[in-house]
Number of protein chains: 2
Amino acid sequence: MTEESINPEVFPENNRGDYSAVQQVAYARDICDARGVRLTHIRQQVLALLWENKHPSGAYELIEALELQGARPIAPPTVYRALDFLIEQGFACKIESRNAFVPCASPERFNEHIFLICDDCEAWLELEDPQLEQQLADEATHAGFKPSRRVVEVLGTCAKCLLTQEV
Amino acid sequence: MTEESINPEVFPENNRGDYSAVQQVAYARDICDARGVRLTHIRQQVLALLWENKHPSGAYELIEALELQGARPIAPPTVYRALDFLIEQGFACKIESRNAFVPCASPERFNEHIFLICDDCEAWLELEDPQLEQQLADEATHAGFKPSRRVVEVLGTCAKCLLTQEV
DNA sequence: AAGATTACGTTATAACATAACGTTAAAACG
DNA sequence: CGTTTTAACGTTATGTTATAACGTAATCTT
């Protein structure tokens, strides 16, 4: 445990977005320790970048940012492998409709996210809705289908941008 | 109206998947006529291919198929433009988690689809669920968000493949 | 310390998508 | 009916996203 460690209990539910990238990485580190998996340097860097960016990050955007930090050329597989790990562990999600990646506020729950993504400012919001989850699961069951992953993305305009563009 | 035209009323609700690609194209032609838009040759070809394929079609897969049909080289923009049209008109949808395209059984309703996609055999199923739609809309409204498009995709294993792989 | 495993570096290339611009074909209009 | 306008398409080039394959280094296991 490090000085920056954060007790998971401390996070108000669904509100981890209020913490800094550094804190988020520390939180992830604790979980990884507990799970016996390795949050290596590059994985930390990528996770921190995801939290720092206020919009979904493209893989090549992450590469550029990493190169600025380290002054060494970073090849795509490096960053895609880090992303794969972060997604497996629930620390990140891919926004399929954007081919971009966001950090994930609830690494305990896999695939139970709804994302609202603003077409205008690229802001995104992560929601959970157990009822909607249940309903999707029911739909699947009814079709004899065994779900492994769900993608639920709502694209549109966020509250802030609606105010601005009101004509 | 052509011989192959199909009266929309004839389709049992949500069951148009039972008709042939040719019939689907004829149906789309009628709708396009009514809407005053043009279902050109290449658009028809692409729509027919989408219906013929039993899995989501990649754009480059469509290109290859078109080249086999016409013996002329087809460049990507040609097929992407046709797909854009079909999507605009509700005759096709993009499966974002696959970067692939499927024909759409209910061109009247935009963005109100749920897709179940089998990881194993690539079969897909298109569903509608007004209640789930409503719930998603409510979530968005609650966040002050104005949705324009929804992506709901459930990945997993279909009933058929579950039987086969049961170990 | 030796062997096994996991992560990473590196090169190359595959797969997906669009910009830009010229040409053809169809629709609209007087 | 021919001219204008617009929509669709052809073509070339290029941009963007993602992965295969293979070697090296670091870490874990015993």
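A, B, ... follow the sequence lines: proteins, then strands. Residue 1 opens every chain. Any value given below was found using the heavy atoms of this structure, including those in side chains, with hydrogens, waters and symmetry copies removed.
Among the protein residues, R81(B) comes within range of the nucleic acid bases, having at least one heavy atom under 4.0 Å from a base atom. Within 4.0 Å of T40(A), counting heavy atoms only, lie sugar-phosphate atoms of the nucleic acid but no base atom.
The P76(B) side chain lies nearest to dT18(C) when the options are dC8(C), dT18(C), dT19(D). Here the side chain of Y80(B) is nearest to one of dA20(D), dT12(D), dA17(C), namely dA17(C). Of the candidates dG10(D), dT6(C), dA18(D), dT6(C) carries the atom nearest the R38(A) side chain, counting heavy atoms from C-beta on.
Ionic pairing of E122(A) and R98(A) is present here: one or more N-O contacts between side-chain nitrogen and carboxylate oxygen are shorter than 4.0 angstrom. With respect to the salt-bridge test (charged N to carboxylate O, under 4.0 angstrom), the residues R149(B) and E96(B) qualify.
OP1 or OP2 of dG9(C) lies within a sub-4.0 Å distance of a side-chain N or O belonging to R72(A). The shortest distance between the side-chain N/O atoms of T78(B) and the OP1/OP2 oxygens of dC9(D) is not below 4.0 Å.
Within residues 87-100 of chain A, the residues having any heavy atom under 4.0 Å from DNA chain D are, by residue number, K94(A), N99(A). Non-hydrogen atoms lying under 4.0 Å from DNA chain D are contributed by Y60(A), all within residues 53-63 of chain A.
Of the two residues contacting DNA chain D, namely F101(A) and H41(B), the nearest-nucleotide position lying further toward the 5' end is that of H41(B).
Q44(A) places its CD atom 15 Å from the C1' atom of dC8(C), with the value rounded to the nearest Å. Taking atom CD1 of residue I42(B) and atom C1' of nucleotide dA26(C), one finds them 16 Å apart after rounding to whole Å. Rounded to an integer number of Å, the gap from CG of L66(B) to C1' of dC9(D) is 13 Å. Going from atom CZ of F85(B) over to atom P of dC9(D) covers 9 Å, rounded to whole Å. Atom CD1 of I74(B) and atom C1' of dT12(D) are 15 Å apart (whole Å). Protein atom CG of D84(A) is 10 Å distant from nucleotide atom C1' of dA18(D), rounded to whole Å.
Taking the side chain as every heavy atom from C-beta outward, F115(A) and C93(A) approach each other to under 4.5 Å. In this structure, the side chains of S97(A) and L155(A) come closer than 4.5 Å at one or more pairs of heavy atoms.
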Verdict with supporting geometry, E52(A) and S20(A), side chain to side chain donor-acceptor pair (under 3.5 Å): CA-CA 8 Å; E52(A) 282 161 18; S20(A) 72; over 6 Å; no
